[in-house]
Amino acid sequence: MKRSIIVGDGLYSDEPFITKLRDKGMRFILVVKPGDHKVLMEWVKELRDMGEMNRYETKDSKGRELIYEWINKVPINGKEGSIEVNYFEFWIKDKGKVVYHNSWVTDFTIDKENV
């Protein structure tokens, strides 16, 4: 049986929905927004400040900077026993100006090869 990968916006990146996906054997990549995930973003900030975030930078064919950051196994919220997710962010900078930025959570283990 092929496994489904669910892709969704920030409305779906909460623990109850992710639990349902896991129960059904589905994988996921879901947008997370800082205002909707304060505890998760606090974890990310602390881990970034401690130098625990992974980072990869490169340039595309137009000379724009592509910046990837990720960390595996962070709690989705502050509740005791909260599920862990893998988090990643992506920026595009053109001449030093951010022209795109977004962040996601997933159950895929993230590394430099798949970010």
Side-chain angles (χ1 to χ4, degrees):
M1 175 172 89
K2 292 185 180 181
R3 293 181 70 178
S4 298
I5 301 170
I6 303 301
V7 179
D9 66 19
L11 296 173
Y12 298 100
S13 55
D14 62 23
E15 186 163 3
F17 185 73
I18 292 171
T19 299
K20 287 178 185 177
L21 293 176
R22 288 180 172 181
D23 290 348
K24 299 286 184 187
M26 297 178 177
R27 310 294 305 264
F28 62 90
I29 302 172
L30 305 169
V31 171
V32 291
K33 297 189 185 257
D36 296 337
H37 295 86
K38 291 181 175 147
V39 173
L40 171 67
M41 294 305 182
E42 287 173 10
W43 273 90
V44 169
K45 181 187 179 321
E46 287 181 26
L47 292 165
R48 183 181 283 125
D49 291 348
M50 293 176 6
E52 298 293 321
M53 291 287 288
N54 297 286
R55 185 176 178 102
Y56 174 66
E57 297 183 35
T58 189
K59 291 193 178 201
D60 67 10
S61 61
K62 296 178 182 177
R64 298 178 300 184
E65 295 174 76
L66 308 178
I67 303 164
Y68 305 84
E69 285 191 341
W70 70 94
I71 189 142
N72 293 301
K73 296 189 177 184
V74 291
I76 189 77
N77 61 45
K79 296 176 187 169
E80 187 173 328
S82 174
I83 62 172
E84 292 183 331
V85 292
N86 304 321
Y87 172 89
F88 64 104
E89 271 185 81
F90 175 64
W91 293 264
I92 299 175
K93 289 185 178 181
D94 191 6
K95 299 176 185 148
K97 180 182 174 188
V98 175
V99 296
Y100 180 80
H101 173 247
N102 213 339
S103 51
W104 300 265
V105 291
T106 184
D107 61 337
F108 291 95
T109 300
I110 305 166
D111 60 34
K112 184 179 174 183
E113 300 304 314
N114 69 7
V115 71

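Rounding to the nearest 0.5 Å gives a distance of 14.0 Å between CD of Glu65 and NZ of Lys97. Note: Lys59 NZ to Arg64 CZ = 12.0 Å, rounded to the nearest 0.5 Å. Here the straight-line distance linking atom CG of Leu66 with atom CH2 of Trp91 works out to 12.0 Å at 0.5 Å rounding. Here Lys73 contributes atom NZ and Asn86 contributes atom CG; the two are 8.0 Å apart, rounded to the nearest 0.5 Å. How far NZ of Lys62 is from CD1 of Ile92: 9.5 Å, rounded to the nearest 0.5 Å. Here Asp36 contributes atom CG and Asp14 contributes atom CG; the two are 9.5 Å apart, rounded to the nearest 0.5 Å.
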Item checked: Verdict with reasoning, Val74 to Val85, per side-chain contact (heavy atoms from CB on, under 4.5 Å) -> CA-CA 5 Å; Val74 291; Val85 292; 4.2 Å; yes

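Side-chain contact between Ser103 and His37 is absent, with no heavy atoms from C-beta onward closer than 4.5 Å. For the pair Lys112 and Trp70, the minimum side-chain heavy-atom distance is below 4.5 Å. Using a 4.5 Å heavy-atom cutoff, the side chains of Arg55 and Glu57 are in contact. Between Met41 and Val32 there is a side-chain heavy-atom pair separated by less than 4.5 Å. Residues Ile5 and Phe108 form a side-chain contact, since some pair of their non-hydrogen atoms from C-beta on lies under 4.5 Å apart.
A salt bridge links Asp107 with Arg27: the closest approach of a Lys/Arg side-chain nitrogen to an acidic carboxylate oxygen falls below 4.0 angstrom.
The minimum heavy-atom distance linking Tyr87 with Ile110 is given by the pair O-CD1, 3.7 Å. What you find for Leu30 and Ile6 is that their closest heavy atoms are CD2-O, 4.2 Å. Here the shortest heavy-atom pairing between Ile76 and Leu40 reads O-CB, 3.8 Å. Taking both residues in full, the closest heavy atoms of Arg22 and Glu84 are given as NH2-O, 2.8 Å, listed atom of the first, atom of the second, then distance.
No more than 12 heavy atoms of other residues, nucleotides or ligands lie within 6.0 Å of OH in Tyr12, so this atom counts as exposed by the packing criterion.
With hydrophobic clusters built from ILVMFWY side chains whose heavy atoms lie under 4.5 angstrom apart, Phe28 does not share a cluster with Val115. Cluster annotation: Val105 is connected to Met26 through the hydrophobic network of ILVMFWY side chains, with a link wherever side-chain heavy atoms come within less than 4.5 Å. By the criterion of side-chain heavy atoms lying less than 4.5 angstrom apart, applied directly or through intervening Ile, Leu, Val, Met, Phe, Trp or Tyr residues, Val7 is not grouped with Phe17; the two fall into different hydrophobic clusters.
Listed for the Ser13 side chain is a donor-acceptor partner under 3.5 Å among the backbone atoms of Val31.
Of the candidates Trp104, Tyr56, Tyr68, Trp104 is the only one forming a ring pair (Phe, Tyr, Trp, His ring centres under 6.0 Å) with Phe88.
Residues Asn77 and Ser82 bring a donor and an acceptor atom of their side chains to less than 3.5 Å of each other.
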